[in-house]
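Here is the structure we will look at.
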There are 2 protein chains.
Amino acid sequence: MSATLKDIAKKLGIHPATVSRALNPRTSHLVNAATVTKVRKAAAAMDYVPNPMASGLRTSRSHTIGVVIPDLTNPLFPGMVRGIQDTLSRAGYTPLLVNTDNDPDEEAHVVASLSARRVDGFILATARRDHPLLADLSERYPIVLINRVSDSVQLPSVAADEQHGIRLAVEHLYGLGHRTIAHVAGPPWSSTGHERAQAFARTMRDHGLSTAKHVAAVDGWSIDSARDVALRLLSSDPSITAVVGANDQLALGTIAAARALKRRCPRDISIVGYNDMPFMDIVDPPLTTVRVPQNEIGSEAARLILSQLVEDVVTPVKQVRLTPELVIRGSTAPLRAR
Amino acid sequence: MSATLKDIAKKLGIHPATVSRALNPRTSHLVNAATVTKVRKAAAAMDYVPNPMASGLRTSRSHTIGVVIPDLTNPLFPGMVRGIQDTLSRAGYTPLLVNTDNDPDEEAHVVASLSARRVDGFILATARRDHPLLADLSERYPIVLINRVSDSVQLPSVAADEQHGIRLAVEHLYGLGHRTIAHVAGPPWSSTGHERAQAFARTMRDHGLSTAKHVAAVDGWSIDSARDVALRLLSSDPSITAVVGANDQLALGTIAAARALKRRCPRDISIVGYNDMPFMDIVDPPLTTVRVPQNEIGSEAARLILSQLVEDVVTPVKQVRLTPELVIRGSTAPLRAR
DNA sequence: CCAGTTAGCGCAATCGATTGCAATAACCGG
DNA sequence: CCGGTTATTGCAATCGATTGCGCTAACTGG
């Protein structure tokens, strides 16, 4: 089909090895400059495209990166994936995307199939804290964690500064006069759920507020389960006037619960989300939320994995934290006197 | 690193070719049954994983499919991508995902880079009707179009039955008493925009309604541009009591425009969307819309491309139309007497 | 002017799997 | 018992690019 190194060599009357060296920027200095330009021109003319399987077979590098995310249909992830893609492809790498649905078995399965594909590294967005594969995998591959950190092993990661983000949310509510602030927390087995809950407790403490009985965790990130949990939380203590959701879905579920309890948001209760997914500005009410830079998380993760691949020096494990910002919309309002 | 065919052969004292044949279901009948089981067991014990680069080099099949979509962050696509992924991976294929941002140059670029990767085929979700690459590409690769059809070349495609979907929307409004129904159409250069506009005109005609001056097209699929267009459309003719948006974003933009004109939805004006993206049930007002089976579109497309790859018989070009359904929510209401 | 570099390029092996062809042995019917 | 299948396996080439090694010629400095 397409031209090969041998074709170019034959046409130019030189050896394929020379063509290979001329075309590879890393070895072209071994070839006469005139020859290099001649080869380059011929390659362009015959529109030569290197065969990645051949070079991959020889060098055992596939120039692909496995990207493991829980669920692409969760609007949190497409932005990150785009960031990853754009940065990787600029460097000649291709992401291989897979979903896990947060299922450990499925996760083991997709990781196995990616390593069968001989990926050069992994970007993992899976949230589970106690991850059996992680330690093992990180010994055999370069890895970058996104949107989470690892408790046990020290691994490179890119995530939002959860402490800062939660502080933004809590202090926004505090500034509006709220004092009885609850937290609908994410699953404790998830990194972000855990971190945000910790950050919430700490920030409340810093302001001299109690969190006893005002934190309830869901077991998934769905609106529905958040609604159930929030329903119990809100009815157990009617003095709650504000809620921080551990992500946007949980905040939306809380809004639904409030509505079911005939408590109007933001009139009777203020609710803050986290992530700022698409369309959060047009839900009812428009959601005040903490925006995390999804694209940047993705591109930074891509940069980190690339640096692990090209540099032979063992760089220290980098744990990047990106700063989120507060987006104030219509789901929060000043506390009204009762 | 990992075991190779040669390793297995050596351990068993047989030739690598025999191992290869034994492990390949298509050729294992050439090998003694006892040998096959012996080889299988040894392969499993040494956890042999075939090297796709080696086999790809020899067979020039990469077992990858290029999936070209305009923008992953458009919530319409993740569902389709999941459908594609799940079906492809079950067949041992891996999708390679890329974005184009609806930019023809970028599109040419990503297609080139995918073909450099030696993909075995393409699934294209790019919407542009006049597609210069299409004819060319389809001669060199198996192709399936999704969420669109091709005007010029006859190509396999999977899309929603737009005529049916638009009819559902229009007749829903008609049934509610609306007679002056407008259409905020998608870009005329896009396949879906064009088709839905045609379907709208035809359905209106079938009901003896005029569409003159009640159709306006946007030049992108964004909420903002729809808002501008709808603003002009609605103020040009205050008798309009209902609008069909060519997709959900356009409907949302129309809602925003109506709000700016102090016309309340659904009280003063009914608005229907198309696609039923995530969260359309919790926007304000909850959007009545036409749901297209995103997952099924994806998995059907994957099935179509796979059938082109495995079957040597030249199957006739299949153009699949999936039936959408109407989801009635809060953005539509019976026409009120003025 | 000569020994010693160095630049430039060719040779050939290699990565791991696949496959047409050949070779061997077992087996069949007559 | 023999020519001819048939079943099973081995041999070796091949896919296309990479790279260590070695060869040749030019070039350098003393």
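Below, read A as the first sequence line, B as the second, and so on, with proteins coming before strands; counting in each chain starts at 1. Below, each value reflects all heavy atoms present in this structure, side chains not excepted, and no hydrogens, waters or symmetry copies.
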If each of B:L30 and A:P52 is mapped to the nucleotide of DNA chain D with the nearest heavy atom, which maps nearer the 5' terminus, i.e. the 5' end?
B:L30
For C:dC9, take OP1 and OP2 only and decide whether either is under 4.0 Å from a side-chain N or O of A:T35.
yes
A:K10 has an atom NZ; how far is it from atom P of D:dG16, in whole Å?
11 Å
Determine yes or no for a side-chain-to-main-chain donor-acceptor pair under 3.5 angstrom, with A:D136 supplying the side chain and A:L133 the backbone.
no
When you match B:T59 and B:P16 each to their closest nucleotide on DNA chain D, which lands nearer the 5' end?
B:P16
Can you check the B:R61 CZ to D:dC15 P distance for me, whole Å?
18 Å
Which listed nucleotide (D:dG16, D:dT9, C:dT19) is nearest to the side chain of B:A17?
C:dT19
Looking at B:R26, I'd like to know whether one of its side-chain N or O atoms comes within less than 4.0 Å of OP1 or OP2 on C:dT19.
yes
What is the distance, to the nearest angstrom, from the CD1 atom on B:I8 to the C1' atom on D:dT9?
17 Å
In whole angstrom, what separates A:L12's CG from C:dC9's P?
11 Å
Distance check, rounded to the nearest 0.5 Å: A:R128 atom CZ versus A:W189 atom CH2?
4.5 Å
Report the distance from atom CD1 of B:I69 to atom CG of B:N99, rounding to the nearest 0.5 Å.
5.0 Å
Please work out if A:I14 contacts a base, only the sugar-phosphate, or nothing of the nucleic acid, heavy-atom cut-off 4.0 Å.
sugar-phosphate
Calculate the interatomic distance between A:H15 atom NE2 and C:dA7 atom P; express it in whole Å.
22 Å
Without swapping roles, check the side chain of A:N51 against the backbone of A:M53 for a donor-acceptor pair under 3.5 Å.
yes
Nearest-Å distance for atom pair CZ/P, residues A:R21 and C:dG10:
9 Å
Spacing between A:N51 atom CG and C:dG16 atom P, to the nearest angstrom:
17 Å
Mind calculating the distance between CG (B:N32) and P (D:dT8) to the nearest angstrom?
5 Å
Pair B:R82 + B:D86: basic N to acidic O under 4.0 Å
yes
Respond yes when some side-chain nitrogen or oxygen of B:T18 is under 4.0 Å from OP1 or OP2 of D:dG10, and no when none is.
yes
